[in-house]
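Written out below as structure tokens is the structure these notes cover.
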Amino acid sequence: MAADRPLAGTTMFISGASRGIGLAIAKKVAADGANIALVAKTAEPHPKLPGTIYTAAKEIEEAGGQALPILGDIRDGDLVAESVAKAVEQFGGIDICVNNASAINLGSIEEVPLKRFDLMNGIQVRGTYAVSQACIPHMKGRANPHILTLSPPIRLESEWLRPTPYMMAKFGMTLCALGIAEELRDAGIASNTLWPRTMVATAAVQNLLGGEESMKRSRRPEVYSDAAYAVLTRPAREYTGQTLLCEDVLLESGVTDLSVYNSTPGPVELGVDLWVDSPNPPGYTGP
């Protein structure tokens, strides 16, 4: 692989990458000439959710990678195992596992029915566990294997303990990732989490978190994909067990102006994401 394309020829297995942040990460990695196996549920266009697993695969290949779209629900453990097996059969192994799939409902414990609770925890916790578990045997012995889970740092201050259902699901992803980091430390497989300091301009923000006004106060999905790329290209044996924030990773990687990721040009008051205190890292003095 070329020095300027460190992920060329590698294989990434990613959940929920038919749109938004997952697709942005897949395309960023694909630009190096990587293979991308993506499993997601969207086969038909939705009026409020642009993109399907097939349009995502087309964009990935246009970006420079090879795509294997797999239709399915990651709550189904047998389907996950079969999906990973297909990826290994086609591409020869797995170097990167990205747990991106997530469902969101910001209702309280009095408002969220068990069916929705089960959906969130099924996708976030069971799905992260299932996808990671299925990928791990095929990651052992690879040159620089990484598991990246898109979930927040665990904050136990009272203000961050609600809404209970969504908090439990997202913290569950992080606990899974941190446990994996310790279990696989000797095997040299990295496991980290990554979360944005601000809202990111996706369909979820537009449809559930305030519409166009929230989109204007968000950063573009590239803030996530560029940070993910920076994590995935670091030495796995030396960079594991961390709960990372996108903007911090970018500054550590040499980015000096975070405003390039803003959805709206010029000065704007960015919306801060859950479990984060500030839109910018401590000490950041850029625009």
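No experiment lies behind these values; they were computed from the predicted model shown.
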Going from [atom1] on [X] to [atom2] on [Y], what distance comes out if it is rounded to the nearest 0.5 angstrom?
X	Y	atom1	atom2	value
Leu68	Phe13	CG	CZ	8.5 Å
Ile60	Leu38	CD1	CG	4.5 Å
Met168	Leu161	CE	CG	11.5 Å
Glu110	Thr164	CD	OG1	9.5 Å
Leu251	Asn280	CG	CG	8.0 Å
Met12	Lys28	CE	NZ	12.5 Å

Within the 4.5 Å heavy-atom criterion, are [X] and [Y] side-chain neighbours or not?
X	Y	value
Pro152	Thr243	no
Phe117	Asn105	no
Tyr284	Asp257	yes
Cys135	Val84	yes
Met120	Pro165	yes
His146	Cys97	no
Leu23	Glu59	yes
Glu222	Tyr261	yes

Does atom [atom1] of [X] have more than 12 heavy-atom neighbours from other groups under 6.0 Å away?
X	atom1	value
Glu157	CD	yes
Ile109	CD1	no
Phe171	CZ	yes
Glu269	CD	no

Taking [Y]'s backbone N and O only, do any of them form a donor-acceptor pair with [X]'s side chain (distance below 3.5 Å, no angle check)?
X	Y	answer
Asn35	Gln66	no
Thr55	Thr52	yes
Ser253	Val249	yes
Asn144	Ala236	yes
Ser18	Ala56	no

Give the C-alpha distance, both sets of side-chain angles, the deciding distance and a yes or no for salt bridge (Lys or Arg N to Asp or Glu O under 4.0 Å) between Arg155 and Asp277. CA-CA 11 Å; Arg155 302 283 303 272; Asp277 295 312; 3.0 Å; yes
Is there a chain of hydrophobic side chains (I, L, V, M, F, W, Y, each step under 4.5 Å between heavy atoms) that links [X] to [Y]?
X	Y	result
Leu175	Ile189	no
Leu194	Val131	no
Ile180	Leu244	no
Ile21	Ile36	yes
Ile104	Leu119	no

If you compare all heavy atoms of [X] against all heavy atoms of [Y], which two are closest, and at what distance to 0.1 Å?
X	Y	answer
Ala169	Asn121	CA-OD1, 3.6 Å
Arg185	Arg237	O-NH1, 4.0 Å
Ser191	Thr240	N-OG1, 2.9 Å
Val125	Gly172	CG2-CA, 3.9 Å
Gly188	Pro145	O-CG, 3.5 Å
Gly16	Ala40	CA-CB, 4.0 Å

Give a yes or no on whether a salt bridge exists between [X] and [Y], defined as a side-chain N under 4.0 angstrom from a carboxylate O.
X	Y	result
Glu82	Lys86	no
Glu247	Arg219	yes
Arg197	Asp248	yes
Glu61	Lys58	no

Please determine, by modelled atom types, if [X] and [Y] share a side-chain donor-acceptor pair under 3.5 angstrom.
X	Y	value
Asp95	Thr10	no
Asn99	Ser132	yes
Thr42	Arg19	yes
Asn262	Thr264	no
Tyr239	Arg234	yes
Ser102	Lys170	yes

Could you go through the side-chain contact (heavy atoms from CB on, under 4.5 Å) check for Asp273 and Thr198 one step at a time? CA-CA 5 Å; Asp273 208 341; Thr198 71; 5.8 Å; no
Chi angles and distances behind the ring pair (Phe, Tyr, Trp, His ring centres under 6.0 Å) call for Trp195, Tyr224: CA-CA 8 Å; Trp195 189 250; Tyr224 226 137; 7.2 Å; no
Decide yes or no on side-chain contact (heavy atoms from CB on, under 4.5 Å) for Ile96 and Thr11, but give the supporting numbers first. CA-CA 6 Å; Ile96 298 166; Thr11 296; over 6 Å; no
Going through the checks in order, is the side-chain contact (heavy atoms from CB on, under 4.5 Å) test met by Thr193 and Leu150? CA-CA 6 Å; Thr193 70; Leu150 308 193; over 6 Å; no
Run the numbers on Glu111 and Arg116 for side-chain contact (heavy atoms from CB on, under 4.5 Å), then give the verdict. CA-CA 10 Å; Glu111 296 166 332; Arg116 175 59 65 168; over 6 Å; no
